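First up is the structure itself, then whatever we jot down about it.
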Amino acid sequence: MDTIESLGYLKGLLDGLDFDENKKETKMFKAIIEVLENMNADLDDVYEELEYQTDTIEAIDEDLAELEEDYYGDDDDEWDDDFEEYEEFEIECPNCGEIISVDEDTVLEGGIECPNCGETLEFEIEYEDEEDDE
C-alpha cells in the first residue's frame with residue numbers, strides 16, 4: 001500500500017469509528033491526517049522536481065558527450081596521447097638500503113636527501129649520444 005492509499009485507509013477508519021465530531025480527540029486525529037496529506041503533497045512536489053532535475057542532467061550529459069566526441073574524436077583514449085608520460089625512478093640509498101621513488105624532475109635537479117637516514121644522494125645523468133649509434 002502506498003502513502004496515498006494509507007492515508008485514504010486512515011480517513012476511512014476515522015470515519016468508520018463514528019467518533020463524535022465535537023470531541024477534542026476527533027479534531028486531533030483529523031488534524032494529524034491533514035498534516036500527513038500535506039506532507040504527502042509536498043513529497044509529490046519534491047519527486048516531480050527531482051524527476052525534472054534528473055531529466056535535465058541527462059540531457060546535459062548527452063550534450064556533453066556529443067561535444068566530447070566532436071572535440072576529441074571517436075577514440076576516448078586519443079586525448080591521452082597529447083600528454084607526456086610521467087616517469088618515476090626507484091633508487092636504493094647506498095647508506096641505509098631504503099628504496100626511494102623519485103620523479104624525473106627530482107633526478108634532473110641532481111640530488112635528494114634520503115628521507116630515512118638523511119644521506120645526500122646525487123644523481124648523474126648519462127645521455128645516449130646519437131652519433132655513437134651510427
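This is a predicted model, so every value here is computed, not measured. Position 1 is the first residue of the sequence; numbering continues from there. All heavy atoms count here, side chains included; hydrogens, waters and symmetry mates do not.
The number of heavy atoms from other shown groups lying within 6.0 Å of CD (E122) does not exceed 12. Environment of CD in E51: sparse, with no more than 12 heavy atoms of neighbouring residues, nucleotides or ligands closer than 6.0 Å.
Note that CD of E49 is 9.5 Å distant from OG1 of T54, once rounded to the nearest 0.5 Å. Expressed to the nearest 0.5 Å, how far OH of Y52 lies from CD1 of I57 amounts to 11.0 Å. Taken from CG in L36 to CD1 in I4, the straight-line distance is 10.5 Å, to the nearest 0.5 Å. Considering CG of L7 and CG of N40, their distance stands at 5.5 Å, rounded to 0.5 Å. The CG atom of N116 lies 7.5 Å from the CD1 atom of I100; values are rounded to the nearest 0.5 Å. Summarising the geometry, atom NZ belonging to K24 is positioned 12.0 Å from atom OG1 belonging to T26; distances are rounded to the nearest 0.5 Å.
Judged as a ring-ring contact (aromatic ring centres under 6.0 Å, His included), and not counting sequence neighbours, the contacts of F19 are F29.
Contact detail for C114 and E98: the closest heavy-atom pair is SG-CB, 4.4 Å. Shown here for E90 and S101, the closest heavy-atom pair between the two residues is CG-OG, 3.8 Å. When all heavy atoms of E21 and K27 are compared, the pair lying nearest together is O-CE, 3.8 Å.
Both F89 and L121 are assigned to one and the same hydrophobic cluster, defined by single-linkage of ILVMFWY side chains at heavy-atom distances under 4.5 Å. Y72 and L64 are assigned to two separate hydrophobic clusters, defined by single-linkage of ILVMFWY side chains at heavy-atom distances under 4.5 Å. L108 and I91 fall within a single hydrophobic cluster, where Ile, Leu, Val, Met, Phe, Trp and Tyr are joined by side-chain heavy atoms under 4.5 Å apart, directly or via other members. No continuous path of hydrophobic side-chain contacts links V35 to L43 [ILVMFWY only; heavy atoms under 4.5 Å]. Residues M39 and V46 fall into different hydrophobic clusters, defined by Ile, Leu, Val, Met, Phe, Trp and Tyr side chains chained together at heavy-atom separations under 4.5 Å.
In this structure, the side chain of E58 does not engage the main chain of D55 through any donor-acceptor pair within 3.5 Å.
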